[in-house]
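Chain A is the first sequence line, chain B the second, and so forth, proteins listed ahead of strands; every chain is numbered from 1.
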2 protein chains.
Amino acid sequence: MVDEQDFLSTYDPRAYPSVAVTVDVVALTIRDGALHLLLIRRGQPPFEGHWALPGGFVRPDEDLTTGARRELAEETGLGGERLRRVHLEQLASYGDPGRDPRMRVVSIAHLAFAPDLPDPAAGTDADEAIWLPVTALASRQLAFDHGRIIDDALERARSKLEYTPLATRFLAPEFTISELRAVYETVWGQPLHAGNFHRKVISVPGFVEGTGASTERGGARGGPRARLYRAGDARLLHPALLRPAPEEPTP
Amino acid sequence: MVDEQDFLSTYDPRAYPSVAVTVDVVALTIRDGALHLLLIRRGQPPFEGHWALPGGFVRPDEDLTTGARRELAEETGLGGERLRRVHLEQLASYGDPGRDPRMRVVSIAHLAFAPDLPDPAAGTDADEAIWLPVTALASRQLAFDHGRIIDDALERARSKLEYTPLATRFLAPEFTISELRAVYETVWGQPLHAGNFHRKVISVPGFVEGTGASTERGGARGGPRARLYRAGDARLLHPALLRPAPEEPTP
DNA sequence: TGAATAGTGTCTCTGAGACAATATGAG
DNA sequence: CTCATATTGTCTCAGAGACACTATTCA
């Protein structure tokens with residue numbers, strides 16, 4: 001430990017006690033109409049047997065986002081084009097002293113939106129990895145402060161759907177408006193009006209662009225064949241697609 | 001350096017090469033009708049003589065936000081109630097390898113909104129610290145990647161005014177609607193319609209609450225005395241106060 | 001044939017913004 | 001007195017949401 005004076009005046013990082021920096025990833029996907037996230041079962045203490053976010057130490061030569069993408073690739077066995085289609089962004093950093101009982105660890109958490117992916121365990125190391133429905137989180141014991149990170153990530157994801165076109169990242173490159181609506185309904189946890197949603201999505205510039213094609217068959221329970229769309233080139237939605245307001249506590 | 005296998009399988013932070021973690025603060029305030037930010041002139045290499053954000057190493061026993069608040073206090077000489085009124089939130093983390101030429105440094109950047117404060121230099125250490133108008137940034141040489149951090153912070157600040165009541169944090173505890181409008185105009189860099197702004201602010205639940213009092217005198221150039229308001233208890237503005245859209249590139 | 005779905009039309013209400021009007025107080 | 005400012009009123013238009021309707025396709 002350096003003394004206070006030196007500490008404040010020189011700012012020399014080489015004289016500073018070491019802190020470990022990790023990246024963690026809250027990877028979300030939609031399977032069977034439910035929002036899932038990727039969790040790893042820990043094989044060693046601390047929190048042995050608990051569930052944790054995929055993550056690990058940042059390597060000396062990679063930036064934070066690269067590290068997060070690498071961790072995601074390692075745990076999902078994903079690579080190439082499929083990995084590139086996954087949206088990844090920084091979420092926030094978590095560094096409370098004591099969040100890891102072994103030493104000071106600051107984690108840079110990331111948020112990922114992925115299209116439906118194969119089950120993760122195959123091809124990775126011995127860790128048990130699963131896609132868990134977020135509704136099943138309450139029954140799992142989570143390691144570290146990962147419960148809080150997941151809460152923050154879910155709120156960020158809900159919010160991101162409002163003002164960005166990232167909902168498309170949960171889907172295949174071509175999708176129908178109904179499939180897109182299902183993403184919103186799943187992430188927001190409430191049904192949306194099909195007609196109004198359709199008109200809204202079409203009317204926002206750059207959200208989606210038509211391919212000219214339609215689905216081969218109608219819906220499983222009937223209905224016309226739906227037109228197919230691709231993601232447009234907008235980075236932000238103007239105007240935004242706001243969540244229905246949760247009940248106002250009328251006085 | 002640990003070998004790859006151990007690296008991936010044990011995740012033992014004690015075996016990992018050290019990374020330094022710092023907190024930096026983009027502290028914004030409004031002086032003389034212009035947006036200013038706090039900068040420190042570096043007295044040592046690297047980037048000696050360049051301007052940098054206030055910041056420093058996270059101490060072993062403090063969490064990230066506490067560290068940021070401490071750094072801000074040290075550089076501004078602020079404490080107690082005045083420090084408590086400063087809004088502080090995490091912005092993002094910056095950890096590209098090579099951003100600090102000495103070693104790997106990951107910085108957790110924070111964003112602060114402060115009411116007009118006294119000049120910083122007094123009472124702090126020998127560093128030269130100033131409130132610089134953001135319009136004067138182009139002419140300054142900034143250390144590290146602090147230029148990018150500041151860009152991100154300014155965009156976040158502009159965005160935060162849209163959907164939170166944090167504009168009030170730039171003002172004294174009691175303020176007029178015109179003063180609040182001046183904050184928005186300064187941060188967004190464009191004039192707003194006085195009448196519409198007034199009605200909007202009053203109509204958003206929990207944004208401001210009247211004190212019943214009015215200013216002692218009218219404006220410097222005449223006009224009636226304005227009513228005084230306090231910040232309300234809303235954390236978010238519903239509906240939001242959106243920035244005027246920047247020119248649509250009409251086809 | 002019956003039911004579900006895709007897509008469109010219409011109506012209403014809210015809120016944003018342009019513009020106007022009135023009242024107050026500094027210089 | 002003159003002008004700037006605070007505050008409120010009015011009008012219009014865009015957009016959100018409720019509801020309705022038609023066409024299409026699966027079972």
Side-chain angles (χ1 to χ4, degrees), chain A residues 33 161-163 174-185 188 190-205 207-229 236-248 250, chain B residues 33 161-163 174-185 188 190-205 207-229 236-248 250:
Chain A
L161 292 208
E162 292 191 316
Y163 61 95
E174 298 197 352
F175 51 86
T176 67
I177 301 294
S178 289
E179 288 167 343
L180 185 61
R181 176 164 49 84
V183 171
Y184 276 89
E185 291 175 332
W188 286 352
Q190 59 188 309
L192 300 174
H193 187 286
N196 290 339
F197 181 87
H198 191 281
R199 189 190 359 255
K200 170 70 183 177
V201 168
I202 298 300
S203 74
V204 174
F207 192 176
V208 299
E209 58 184 26
T211 65
S214 293
T215 52
E216 288 296 321
R217 294 180 35 89
R221 277 156 294 184
R225 291 181 285 185
R227 290 175 216 163
L228 288 168
Y229 295 85
L236 294 173
L237 303 183
H238 285 301
L241 215 163
L242 299 179
R243 276 175 275 187
E247 307 297 313
E248 277 183 43
T250 325
Chain B
L161 292 208
E162 292 192 314
Y163 62 94
E174 299 197 352
F175 51 84
T176 67
I177 302 294
S178 289
E179 288 167 343
L180 185 61
R181 177 164 49 86
V183 172
Y184 276 88
E185 291 175 332
W188 285 351
Q190 59 189 311
L192 299 175
H193 186 287
N196 290 338
F197 180 86
H198 191 281
R199 191 190 359 257
K200 170 70 183 177
V201 168
I202 298 299
S203 75
V204 174
F207 192 175
V208 298
E209 57 184 27
T211 65
S214 293
T215 52
E216 288 298 321
R217 293 178 37 88
R221 278 158 291 185
R225 291 181 286 187
R227 287 174 219 164
L228 287 168
Y229 295 84
L236 293 173
L237 303 183
H238 285 302
L241 215 163
L242 299 179
R243 274 176 278 187
E247 308 298 313
E248 275 183 44
T250 324

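- Residue order along DNA chain D, read from the 5' end via each residue's closest nucleotide, puts A:N196 first among A:E216 and A:N196.
- Within the 4.5 Å cutoff, side-chain heavy atoms of A:L241 are placed close to those of A:Y184.
- Heavy atoms of B:R199 sit under 4.0 angstrom from at least one base atom.
- As a whole-Å value, the separation of B:L192 CG from D:dT5 C1' is 16 Å.
- Put simply, A:R225 has no side-chain N or O that comes within less than 4.0 Å of OP1 or OP2 on D:dA23.
- Atom P of nucleotide D:dA14 and atom NE2 of A:H238 are separated by 18 Å, given to the nearest angstrom.
- For the pair A:Y229 and A:V201, the minimum side-chain heavy-atom distance is 4.5 Å or more.
- Contact detail for A:P244 and A:L192: the closest heavy-atom pair is CG-CD2, 4.0 Å.
- Side-chain contact between B:L180 and B:F207 is present, with heavy atoms from C-beta onward closer than 4.5 Å.
- Nearest-nucleotide assignment on DNA chain C puts the 5′-proximal partner with B:L241, out of B:L241 and B:H193.
- The CD1-P distance, from B:I202 to D:dG9, rounds to 13 Å in whole Å.
- Distance, A:K200 NZ to D:dA14 P: 14 Å, rounded to whole Å.
- Across all strands, A:A194 comes closer than 4.0 Å to no nucleic acid atom at all (heavy-atom distances).
- Under the 3.5 Å distance criterion, the side-chain polar atoms of A:T176 are matched with a main-chain donor or acceptor of A:E179.
- A straight line from CZ of B:R217 to C1' of D:dA4 spans 13 Å, rounded to a whole angstrom.
- Contacts of B:G218 with the nucleic acid, taken as non-hydrogen atoms under 4.0 Å apart, involve only primed sugar atoms and P, OP1 or OP2.
- Computed from coordinates, the A:L242 CG to D:dG17 P distance equals 8 Å when rounded to whole Å.
- Nucleotide D:dA6 holds its P atom 14 Å from the CZ atom of B:F175, rounded to whole Å.
- Taking 4.5 Å as the limit, some side-chain heavy atom of B:K200 sits within range of a side-chain heavy atom of B:V204.
- Within the structure, a side-chain polar atom (N or O) of B:H198 is placed less than 4.0 Å from OP1 or OP2 of D:dT7.
- Taking the 5' to 3' direction, DNA chain C first and last meets chain B under 4.0 angstrom from a heavy atom at C:dA16 to C:dG27.
- Residue B:R221 places at least one side-chain N or O closer than 4.0 Å to OP1 or OP2 of D:dT5.
- In this structure, of D:dT5, D:dG9, D:dA23, it is D:dT5 that holds the atom nearest to the side chain of B:S178.
- The two atoms that bring A:E162 and A:R243 nearest to each other are OE2-N, 2.8 Å, heavy atoms only.
- Where A:G223 and A:S214 each meet DNA chain C at their nearest nucleotide, the meeting point lying more 5' is that of A:G223.
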